[in-house]
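Notes for the one structure printed next.
Worth saying up front: this structure is predicted, and the values here are computed from it rather than measured.
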Amino acid sequence: MKKPYFLLLALGFPIMSMAQVTFTATNYNQIPSGWPSYNLATVDMNGDYLDDIVVVSATEITILYQQAAGGFTSTTITTTNADYTPDWSMAVGDIDKNGFNDLLYGSGGGVTFMKANATGTAYTETSFNEYVFSQRTNFVDINNDGHLDAFVCHDVAPNVYYINDGSGNLTFNQGGIGDHAEGGNYGSIWVDYDNDGDQDCFIAKCRGGGSSASIDELHQNDGNGNFTNVAVAANMANADQSWSGAWNDYDNDGDMDAMVGASSAPNGETGVHSLMRNNGDGTFTNITNGTGWENNNTLSIEHVSYDFDNNGFADMFGGSDYLAGGGGKFMYNNGDMTFTAFVDPGVNISDASIGDLNNDGFLDLRDGQTVYYNNGNNNNWIKIQLKGIASNFNGIGARVEIYGAWGKQIRDVRSGDGFAHMNTLNVHFGIGTATEIDSVRVLWPSGHVDVVDSPTINNDVTIVEGADPLSLIEIGNQKLELFPNPATVSLSISNVGLLNVSELTIYNMHGEKMLTQSRNFETINVSTLAEGAYILMIQTTDGEKYSESFVKKN
């Protein structure tokens, strides 16, 4: 049962106060100017987990690599002439698990992929011939096979997606996740709204004129890659003009709520934003009135949700309040499912790509050649960085939870938030004035769970999938352990017969599959592996997964 705000107070849970922050603009001439406004990306591109600045054109990719000591180093990489440029949206993710992120361009005419080589110094273009009037693009593991697929909202036809064969090769598909013949598909967000461990898809729609194509869709994943539009039953079939939905757990009760943002006001009407609270039973309640959103008439195609003031509650950014001098419009979460509008006159933009561009634990904004640095406050924070092994390399689709005196906070890892831009893949949590975190829990798309106890606050923590030890598994007072470790020729598993094993798989630390064994599970030959660190994943016939790291020595 959900605990209301007043009950949390009565139980003695600390409710963190709102602490608005301001931003300071800094211009960077190294960022190319005059390129399309929909190609903004702020995301790590070289595997060091520091958010970089990415700008693309038809023939170039410019990356300003953030340096650990501060500042940026700029590199421009020449590419073949892309058939399509991201004049509508861009997504980023590592589709071949080589440690360097790839790019997905969504154009009004089609889709282009730019795949990084093994050193991140060059990109290979793949453009598809099918006509796609692209809107929001996403990387997501649709069939949950451990490899990132791509999803693209289609403006004038059923949506399309591209299935990854495991080597980064993609196959075009259309329909099944948004089939309206007129399209109207704009802002797709992949989110586990029903807490069943798989990725569902919400689509903010925009058509107008009374067309049924303007009704928002919520596609529920049955866990086997089959999707059903449950928007009507879930009370998410909104027909307002919306280009994006901002999903987050706004009341910290353990499930994802939604703010479906108005992008326009047809026929001179006031734009209608809808704040939808997740009831925890697959349905949502419109609680807009009384939350502060009913008084927000600022329109925007891009609404995104992050904890900008690190007080422990997710805020929202989107829109520019021209009546207040053109400043950026923030809606700060008060912690009781109400929001306070704050206009920062120094933020002269209505949307931006989001990331931590000076690695100080506070999220910044980037638009064009300008970075709006978050001036921060005294609140504490933690940043979680994921490395998938059995799951996709970026951990896209993972659910991250932190526990402390306040209870629980959750975040989902997404590639493609809001409508157009690409934001950080690192997971940020503010914890207000709290001085410790009890634990971090990662629920990977593979089903594996990793737990880190008592992490250091005001720091970044890298979690490798499967790094929590198999040796903690105990059945009938008998432990499962790997030996010898380090191994040279063979690796044995004690008491493995206590599990109904279906397959053993060894991954390197880049998440690449190195060996697979489907019988004789007591021992696996590792003599052909190069020297280094690996993870052994054990999968059972019951769908359970266990893992353990080991070292191969020559």
Side-chain angles (χ1 to χ4, degrees), residues 96-99 141 143-148 164-167 197-198 223-225 386-393 395 397-399 439-453 462-554:
D96 55 1
K97 291 187 171 184
N98 71 347
D141 188 354
N143 57 3
N144 203 28
D145 64 351
H147 306 289
L148 282 182
N164 188 343
D165 67 356
S167 299
D198 54 47
N224 296 310
L386 300 183
K387 180 182 286 189
I389 301 298
S391 302
N392 66 83
F393 187 79
R399 168 68 58 85
S439 64
V440 177
R441 187 170 182 256
V442 180
L443 293 78
W444 296 89
S446 67
H448 192 87
V449 177
D450 281 302
V451 178
V452 175
D453 292 322
T462 301
I463 299 178
V464 178
E465 182 178 13
D468 62 319
L470 173 69
S471 56
L472 294 180
I473 305 301
E474 187 172 310
I475 301 174
N477 295 321
Q478 299 183 76
K479 288 187 175 183
L480 280 73
E481 296 180 303
L482 301 185
F483 67 96
N485 189 3
T488 54
V489 177
S490 63
L491 185 70
S492 298
I493 312 170
S494 64
N495 300 314
V496 71
L498 298 172
L499 298 174
N500 297 317
V501 179
S502 60
E503 187 175 80
L504 301 178
T505 308
I506 291 178
Y507 297 89
N508 66 17
M509 298 310 286
H510 290 297
E512 298 168 319
K513 187 183 293 186
M514 307 303 296
L515 290 173
T516 299
Q517 190 162 303
S518 56
R519 57 191 179 90
N520 300 328
F521 300 120
E522 291 80 7
T523 302
I524 185 167
N525 189 328
V526 297
S527 61
T528 59
L529 296 178
E531 192 169 82
Y534 296 88
I535 288 182
L536 172 70
M537 185 76 70
I538 300 175
Q539 181 156 345
T540 72
T541 56
D542 306 317
E544 297 172 324
K545 294 182 179 181
Y546 304 96
S547 58
E548 177 71 281
S549 58
F550 71 95
V551 174
K552 167 65 189 333
K553 290 282 190 181
N554 290 333

Legend entry - Lys97 (side chain) donor-acceptor with Gly146 (main chain) under 3.5 angstrom: yes
Inset, instruction - Carefully, step by step, assess Met514 and Tyr507 under the rule side-chain contact (heavy atoms from CB on, under 4.5 Å). - result: CA-CA 5 Å; Met514 307 303 296; Tyr507 297 89; 5.7 Å; no
Inset, instruction - Decide yes or no for Ser494 and Phe483: does some side-chain heavy atom of the first lie under 4.5 Å from some side-chain heavy atom of the second? - result: yes
Inset, instruction - Could you grab the distance from atom CG of Leu536 to atom CD of Gln517, nearest 0.5 Å is fine? - result: 9.5 Å
Legend entry - Spacing of CG belonging to Leu499 relative to CD belonging to Gln539, to within rounding of 0.5 Å: 12.0 Å
Legend entry - Straight-line distance of Lys552 NZ to Leu491 CG, nearest 0.5 Å: 11.0 Å
Legend entry - Least distance between heavy atoms, Ser446 atom then Asn144 atom: N-OD1, 4.4 Å
Legend entry - Beyond-backbone contact of Val440 with Val451, side-chain heavy atoms, under 4.5 angstrom: no
Inset, instruction - Any chance you could lay out the side-chain contact (heavy atoms from CB on, under 4.5 Å) test for Val464 and Ile389, step after step, and finish with the verdict? - result: CA-CA 7 Å; Val464 178; Ile389 301 298; 3.9 Å; yes
Legend entry - Exam field: side chain Lys553 to backbone Ala487, donor-acceptor pair closer than 3.5 Å: no
Inset, instruction - Given side-chain contact (heavy atoms from CB on, under 4.5 Å), test Leu529 with Leu515 step by step and report yes or no. - result: CA-CA 9 Å; Leu529 296 178; Leu515 290 173; 4.1 Å; yes
Legend entry - Polar side-chain atom of Asn485 near backbone of Val551 as donor-acceptor pair, under 3.5 Å: yes
Legend entry - Closest contact, heavy atoms only, Gly395 versus Leu386: O-CD1, 4.1 Å
Legend entry - Donor-acceptor pair, side chain of Asp145 and main chain of Gly166, under 3.5 angstrom: no
Legend entry - Interatomic spacing from CD1 in Ile463 to CG in Asp450 - rounded to 0.5 Å: 6.5 Å
Legend entry - Spacing of CG belonging to Leu482 relative to CD1 belonging to Ile524, to within rounding of 0.5 Å: 10.0 Å
Legend entry - Student check: side-chain heavy atoms of Glu503 and Thr516 closer than 4.5 Å: yes
Legend entry - Contact summary for Pro445 and Asn392, nearest pair of heavy atoms: CG-ND2, 4.3 Å
Legend entry - Heavy-atom donor-acceptor pair, Glu465 side chain to Ala390 backbone, under 3.5 Å: yes
Legend entry - Asn495 (side chain) donor-acceptor with Leu480 (main chain) under 3.5 angstrom: no
Inset, instruction - Specify the closest pair of heavy atoms between Val442 and Ala398, including all atoms of both residues, with the distance to one decimal. - result: CG1-CB, 4.3 Å
Inset, instruction - Begin with the C-alpha distance, continue with both residues' side-chain angles, and end with the deciding distance and a verdict on side-chain contact (heavy atoms from CB on, under 4.5 Å) for Leu504 and Met537. - result: CA-CA 6 Å; Leu504 301 178; Met537 185 76 70; over 6 Å; no
Inset, instruction - Quick one: pull up OG in Ser492 and CZ in Phe521 and give me the separation to the nearest 0.5 Å. - result: 14.5 Å
